[in-house]
Amino acid sequence: DIQMTQSPSSLSASLGDRVTISCRASQSVHNYLNWFQQRPGKAPRLLIYATTSLQGGVPSRFSGSGSGTEFTLTISSLQPDDFATYFCQQTYTVPFGFGPGTTVDVK
Amino acid sequence: EVLLAESGGGLVQPGGSLRLSCVPSGFTVSDNYMSWVRQGPGKGLQWLTIIYSGGGADYAGSVKGRFTVSRDTSKNTLYLQMSDLRVEDSGIYYCAGGYTTSWHNFWGQGTLVTVSS
């Protein structure tokens, strides 16, 4: 199975900050990498699919990059709705595992 | 607007069985791809299974042989039949759907399963 890791596991940031979250796969997943946001008590929400494509309705301050085994989610200017937990997921090969998550909270 | 609604969660004893359902609106189960994802208490997301548009399915190793995903075309409903349940199977179970295998952008609100004696 492909193992997914994320760093950091949590971070504290202020409104307007630029935030970057890293995701690493134990072997290449090519560009089959998705990012989800989950707010407390809510279902996950797809933000980015296929590494760089922004899901409809997601603000343009979110962006994704990377390839192979190294990927990044960037929030260009942190907004109040962005305090949440973020998960990456590979869908290159089953099982389609998730990373352990990165929690973004208020500094 | 596509909405997914899960049901069937509850309290079950270890070794017991439970069947979860997921009913979408604005989305056809048999034409698309659907998954079940679990979230243990205070934990991350765990992918469990996918059923493909052609009807085939794949499973995570931890549930293979115990869980079965299926769909009823006439009812436009997705199911997850769970047997030999363990305490570690407890959590919120989400169904998710999409037009491709590679990403699922439609998610339900989840149904809670508690396995405890």
Side-chain angles (χ1 to χ4, degrees), chain A residues 1-10 21 23 25 28-58 62 64 67 71 73 84-104, chain B residues 1-7 9 20 22 24 26-27 32-52 54 56-67 69 91-112:
Chain A
D1 297 357
I2 296 177
Q3 305 304 313
M4 306 300 294
T5 58
Q6 288 182 234
S7 61
S9 57
S10 65
I21 298 169
C23 174
S28 176
V29 298
H30 301 271
N31 75 328
Y32 292 88
L33 194 286
N34 305 320
W35 288 98
F36 291 86
Q37 176 193 65
Q38 188 178 35
R39 299 187 179 110
K42 300 296 186 182
R45 171 196 182 197
L46 179 67
L47 298 177
I48 303 281
Y49 62 92
T51 301
T52 61
S53 296
L54 196 66
Q55 173 63 21
V58 174
F62 290 93
S67 66
F71 301 89
L73 173 71
T85 300
Y86 295 85
F87 297 93
C88 60
Q89 181 202 26
Q90 69 83 14
T91 54
Y92 176 63
T93 186
V94 293
F96 293 159
F98 291 88
T102 296
T103 299
V104 178
Chain B
E1 181 187 12
V2 173
L3 297 174
L4 304 182
E6 302 96 335
S7 61
L20 307 182
C22 173
F27 189 80
N32 297 294
Y33 302 82
M34 300 205 70
S35 295
W36 288 95
V37 173
R38 175 172 71 199
Q39 188 164 36
K43 296 188 177 180
L45 302 173
Q46 181 182 12
W47 180 87
L48 299 178
T49 180
I50 184 171
I51 185 165
Y52 302 99
D58 279 307
Y59 297 89
S62 60
V63 304
K64 195 169 187 178
R66 300 189 299 123
F67 290 13
V69 63
I92 299 173
Y93 284 69
Y94 295 101
C95 70
Y99 302 117
T100 85
T101 302
S102 301
W103 58 87
H104 291 178
N105 50 314
F106 306 120
W107 288 67
Q109 288 307 301
T111 187
L112 179 63

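The chains referred to below are lettered A, B, ... by the order of the sequence lines, with proteins before strands, and numbering in each begins at 1. All values below come from the heavy atoms of this structure, side chains included, with hydrogens, waters and symmetry mates left out.
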Can you establish whether the number of heavy atoms outside A:Phe62 located under 6.0 Å from its atom CZ is more than 12?
yes

Neighbour count >12 (heavy atoms, 6.0 Å) for atom OH, A:Tyr92:
no

Does the pair A:Phe98 and B:Val37 meet the rule for a side chain to side chain contact (heavy atoms under 4.5 Å, CB included), with working shown?
CA-CA 10 Å; A:Phe98 291 88; B:Val37 173; 4.0 Å; yes

Are B:Asn105 and A:Tyr49 close enough that some pair of their side-chain heavy atoms sits under 4.5 Å apart?
no

Indicate yes or no: at least one non-hydrogen side-chain atom of A:Phe96 is less than 4.5 angstrom from one of B:Ser35.
no

Chain B contacts, top residue of A:Leu47, A:Asn34, A:Thr85, A:Asp1 (heavy-atom pairs, under 4.5 Å)
A:Asn34

With respect to chain B, which residue among A:Gly56, A:Pro44, A:Gly101 yields the maximal number of heavy-atom pairs within a distance under 4.5 Å?
A:Pro44

Is it the backbone or the side chain of A:Gln90 that comes under 4.5 Å from a heavy atom of chain B, or both, or neither?
neither

Given a strict heavy-atom distance threshold of 4.5 Å, which part of B:Asp58 is in contact with chain A: side chain, backbone, both, or neither?
side chain

Which region of B:Leu48, side chain (C-beta onward) or backbone (N, CA, C, O), has a non-hydrogen atom less than 4.5 Å from a non-hydrogen atom of chain A, or is it both or neither?
neither

Ring geometry between B:Trp107 and A:Phe36 (parallel below 30°, tilted from 30 to 60°, perpendicular above 60°)
perpendicular

Identify the two heavy atoms, one from [X] and one from [Y], that lie closest to each other, and give their separation to 0.1 Å.
| X | Y | result |
| --- | --- | --- |
| A:Gln38 | B:Leu45 | OE1-CD2, 4.2 Å |
| A:Phe87 | B:Gly44 | CE2-CA, 3.7 Å |
| A:Lys42 | B:Tyr94 | O-OH, 3.5 Å |
| B:Ala60 | A:Pro95 | CA-CB, 4.4 Å |

